[in-house]
Amino acid sequence: MPTGGKALTGDAGAAGEARDGRPFGLRDHWCGELRLADEGAPVRLCGWVARVRAHGSHLRFVDLRDRSGIVQCVVDTDADLRSEYVVAISGTVGARPEGTSNPNLATGDVEVRDCAVEVLSEAEPPPFQLDERAEVDEATRLRYRYLDLRRDRMVANLRLRASVMSALRRSMERQGFTEVETPLLWTPTPEGAREFAVPSRLHHGSFYVLPQSPQIAKQLLMVGGMDRYYQMAKCLRDEDLRADRQFEFTQLDVEMSFATQQDVMAVVSDAVLAAAAVASDREVPPVATLTWQESMERYGTDKPDVRFGMELADLTGAVAASGVAALSAPCVKAIRVPGEAGTTRSRLDSLTARARQLGAKGLAWFRVVPAKADSEDAGAALGSRPLGSRLSLDSPLARHMAPTVIDDIVTATGAQAGDLLLAVAGPTATARAVMGQLRLELGRPPLSEGAPRYVWITDFPLFDEGPDGTAVPAHHPFTMPHPDDVVLLDSDPLSVRSQAYDLVLNGWELGSGSIRIHRRELQQRIFAALKLSAEEAQARFGFLLDAFRYGAPPHGGFAVGVDRLVAILAGEENIREVIAFPKTQSGADPMTGAPKELAPGALRELGILVGRAGPAAGRSPAGPGGSAP
RNA sequence: GGACCUGUGGUGCAGCUAGGAGUGCACGCCGGCCUGUCAAGCCGGAGGUCGCGGGUUCAAAUCCCGUCAGGUCCGCCA
């Protein structure tokens, strides 16, 4: 079912023409725009035959579809009309006879009569039905994407995408930003995501790379005095695909000079709220702000879905003295799942398996039940005793717990009788991450539910702890430290906060940004903390560091993931649904067959020798003889 | 690199736990009937390498192994 946020076809009344533009060419009206007010008008329509309902040889109802919607045409000629034939229909708009209106159709009060039909293009039956009656296999949809795009869902999603991008652009223009394009053929920067390489024909053995983002280019624009830059930028990363990740994706990329973090956040907030406004009529709450520390503590993640509760409770203190070995750990986090005390043992086992997959040693569970001794006077006791004393915990782990420990657990989680408590003990990061993920899997509403909830996450740590205890940049190495923490750079780098911030929408990371370092001496200290020598730094980022010699303004910026933003505003759980021609999870395009082997001649011209041991080995080349040397 | 789910006429499913003839449902398709339908209706018909390969068995859509494709996730995504 379409969700509230979608720009549905044909439901906009008189707005139809404004949105669809003036019809021209072979037609003079759009199908979806016809209304009772058009009664008597001669019209010429073009489109696809969506459905034919035949009654005898001289009465057929033909539903004609174009991108604006559907209108019923009454046809009494014997033209051969089948599904997906492309036709031009000329006729007269008439009010439907009493009692035959179709309230499910925007054009349901009218029909086109006295139709002359011209078949512009015949069509084989499509390989899947284009109505919304059944989910169609993803591979089939992508193989015939040009047919999939005819469906209401894709029409609505792509038009919403256009509206959102337009709203973002208008917001940026209104705020004085200038769109500047940056190169797709860029240079390798050996940091961050795996890059797509493009071989150079003129310099055999050398490569361009496609940009993971225009990060360095936009900072150079700031050095160039552009002051306020934005771009709808294509970004390319050769990393494994997910529901929210494609090789290539679009970012609203922003950078501004002489600006504070608050300035950047205000600019981006304006843009994304404008985007939400064109997506639906719903009131969208202002963008909230949480510190990273607070988000990790309450939600166990740096991209919290704040549309629902079930926040993490800390049981570390409560169970410290319990003597239960499974719960003795630096950190114990729990969530309360309301009303789920009846969860079956096999379900609990599969949750435990899931917790292990996420890195936990195990999963503790407690069914919250009325305490036996108090069960009779529980009601009478209400209010006169501590909340916890009326409840007990049913769990193998709770069997030998002292009543005070049980009370502490109940109090810390706010448990009610009939709830299920789940807890993970372990290192702080593990306990938070596992419970944060289980919270999502057990309580998260569908992405389309309720108003969009944007939240800023601020005060990220400047460094993460690398595998060997060293500091690695949490954002990128040009991120400005929090001014209060600069003194800690040498003594305690892992506790230094940064002026980096993420924007999160309904639990999806929409993007991130930071205030950048623009002074060389501070940059050197950061490189030192990263154990990066001056020579290495020069080799990797030399051209940026060089640029900073010539007067770099203080600057900062942000990038918003447009595909994710549109998907959430469209109520889609997958960004493929808002991309016209996406790739499958294995990076293939079932329609074009990409990626494909190159002809030997093309490889030779690029100076490329393909190793036959790769995954392509064994696939027979196009021609006989192949390309074996 | 790894885990899990799915794969059955064109489409979506059921059948698989417990092996017994390609069995069933809905949609679509083809033909016929039908002058107010709108997911039209009624009648008839066609359409299958049960993803692919191997194994177990008298017998495999069903059990086992492998593989391919699609999906979800872990790793990865500064």
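Here is how names work: the chains are called A, B, and so on, in the same order as the sequence lines, proteins then strands, and each is numbered from 1.
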Self-check item: cation_pi(A:R67, A:W48) dist<6.0 Å, angle<=45
Solution: no
Quiz item: Would you say a side-chain N or O of A:T100 is under 4.0 Å from OP1 or OP2 of B:C38?
Solution: no
Quiz prompt | Pairing partner (Watson-Crick or G-U wobble, both distances under 3.5 angstrom) of B:G66 | solution = B:C52
Quiz item: What distance separates A:L36 CG from A:S101 OG, expressed to the nearest 0.5 Å?
Solution: 7.0 Å
Quiz item: Which part of the nucleic acid, if any, lies within reach of A:H58 when heavy atoms closer than 4.0 Å are counted: base, sugar-phosphate only, or nothing?
Solution: nothing
Quiz item: Within the structure shown, what part of the strands sits under 4.0 Å from A:E573 by heavy-atom distance: base, sugar-phosphate, or nothing?
Solution: nothing
Quiz item: If you check the A:D240 side chain, which of B:G70, B:C76, B:U37 turns out closest?
Solution: B:C76
Quiz item: Starting at CG of A:L34 and ending at P of B:C38, how long is that distance when rounded to a whole Å?
Solution: 21 Å
Exercise. Answer whether the closest heavy-atom distance between the side chains of A:D502 and A:W292 falls below 4.5 Å.
Key: no
Exercise. Quick one: label A:T479 by what it contacts on the DNA or RNA (base, sugar-phosphate, nothing), any heavy atom closer than 4.0 Å.
Key: nothing
Quiz prompt | A:E577 CD to B:G70 P, straight-line distance once rounded to whole Å | solution = 16 Å
Quiz prompt | Base-pairing assignment for B:C13 (Watson-Crick or G-U wobble, both under 3.5 Å) | solution = B:G24
Quiz prompt | Separation between the C1' atoms of B:C13 and B:G28, rounded to whole Å | solution = 14 Å
Exercise. For A:T140, answer base if it contacts any base atom (sugar-phosphate contacts may also be present), sugar-phosphate if it contacts only those atoms, and nothing otherwise; contact means non-hydrogen atoms under 4.0 Å.
Key: nothing
Quiz item: Heavy atoms under 4.0 Å, any strand shown: does A:R576 hit a base, just sugar-phosphate, or nothing?
Solution: sugar-phosphate
Quiz prompt | Side chain of A:A588 (C-beta onward), nearest among B:G70, B:U72, B:G28 | solution = B:G70
Self-check item: A:E138 side, atom CD; A:T584 side, atom OG1 - distance, nearest 0.5 Å
Solution: 9.0 Å
Practice problem: Name the pairing partner of B:U72, where a pair is Watson-Crick or G-U wobble with both distances under 3.5 Å, or state none. | Solution: B:A3
Quiz prompt | Closest listed nucleotide, where the reference is the side chain of A:N574 and the choices are B:U72, B:G36, B:C77 | solution = B:U72
Quiz item: Below 4.0 angstrom from OP1 or OP2 of B:G31, is there any side-chain N or O of A:R82?
Solution: yes
Quiz item: Choosing from B:G75, B:C38, B:G36, which nucleotide comes nearest the side chain of A:R96?
Solution: B:C38
Quiz item: Given B:G70, is OP1 or OP2 found less than 4.0 Å from the side-chain N or O atoms of A:T584?
Solution: yes
Quiz item: Under 4.0 angstrom, heavy atoms only, what part of the nucleic acid is A:S101 near: base, sugar-phosphate, or nothing?
Solution: base
Quiz prompt | 5' priority, RNA chain B, between A:G56 and A:R53 [closest heavy atom] | solution = A:G56
Exercise. Report which part of the nucleic acid A:Q215 touches: base, sugar-phosphate, or nothing (heavy-atom distance under 4.0 Å, all strands).
Key: base
Practice problem: By nearest nucleotide on RNA chain B, pick out whichever of A:R194 and A:R354 is the more 5' one. | Solution: A:R354
Quiz prompt | side-chain hydrogen bond (donor to acceptor under 3.5 Å, both in side chains), paired with A:Q231, selected from A:D253, A:T250, A:T182 | solution = A:T182
Quiz item: Hey, does A:P127 reach any base, or is it just sugar-phosphate, or nothing, if we go heavy atoms under 4.0 Å?
Solution: sugar-phosphate
Quiz item: For A:H58, does the NE2 atom have more than 12 heavy-atom neighbours from other residues, nucleotides or ligands under 6.0 Å away?
Solution: no
Quiz item: Do you know which of A:R444, A:R439, A:Q437 makes side-chain hydrogen bond (donor to acceptor under 3.5 Å, both in side chains) with A:E441?
Solution: A:Q437
Exercise. Looking at every strand, decide which applies to A:Q585 at a 4.0 Å heavy-atom threshold: base, sugar-phosphate, or nothing.
Key: base
Quiz item: If we call it a pair only when both distances are under 3.5 Å in a Watson-Crick or G-U wobble match, what pairs with B:G47?
Solution: none
Quiz prompt | Ring-base stacking, A:F128 with B:U11 (5.5 Å, 30° cut-offs) | solution = no
Self-check item: C1' spacing across the pair B:C5 / B:C25, given as an integer number of angstrom
Solution: 24 Å
Self-check item: Closest nucleotide among B:U72, B:G10, B:G70 to the A:Q129 side chain
Solution: B:G10
Quiz prompt | B:C42: pairing nucleotide in any strand, Watson-Crick or G-U under 3.5 angstrom | solution = B:G32
Exercise. Sticking with atom C1', work out how far B:U23 lies from B:U62, rounded to a whole angstrom.
Key: 13 Å
Exercise. Between B:C29, B:C77, B:U35, spot the one nearest the side chain of A:P125, thanks.
Key: B:C29
Quiz item: Which nucleotide, in any strand shown, forms a Watson-Crick or G-U wobble pair with B:A61, with both distances under 3.5 Å?
Solution: none
Exercise. Please state whether the base of B:C77 and the side chain of A:R237 form at least one donor-acceptor pair under 3.5 Å?
Key: no
Practice problem: Please determine which of A:E255, A:Q499, A:H555 meets the side-chain hydrogen bond (donor to acceptor under 3.5 Å, both in side chains) test together with A:R516. | Solution: A:E255
Exercise. Name the nucleic acid region contacted by A:A54, choosing base, sugar-phosphate or nothing; use a 4.0 angstrom heavy-atom cut-off, strictly under.
Key: base
Quiz item: If only side-chain N and O atoms of A:R242 are considered, is one of them under 4.0 Å from the OP1 or OP2 phosphate oxygen of B:C74?
Solution: yes
Quiz item: What interatomic distance, in whole Å, is found between C1' of B:G51 and the corresponding atom of B:C68?
Solution: 8 Å
Quiz item: If you check every side-chain atom of A:L59, which of B:C73, B:U35, B:G12 has the closest atom?
Solution: B:U35
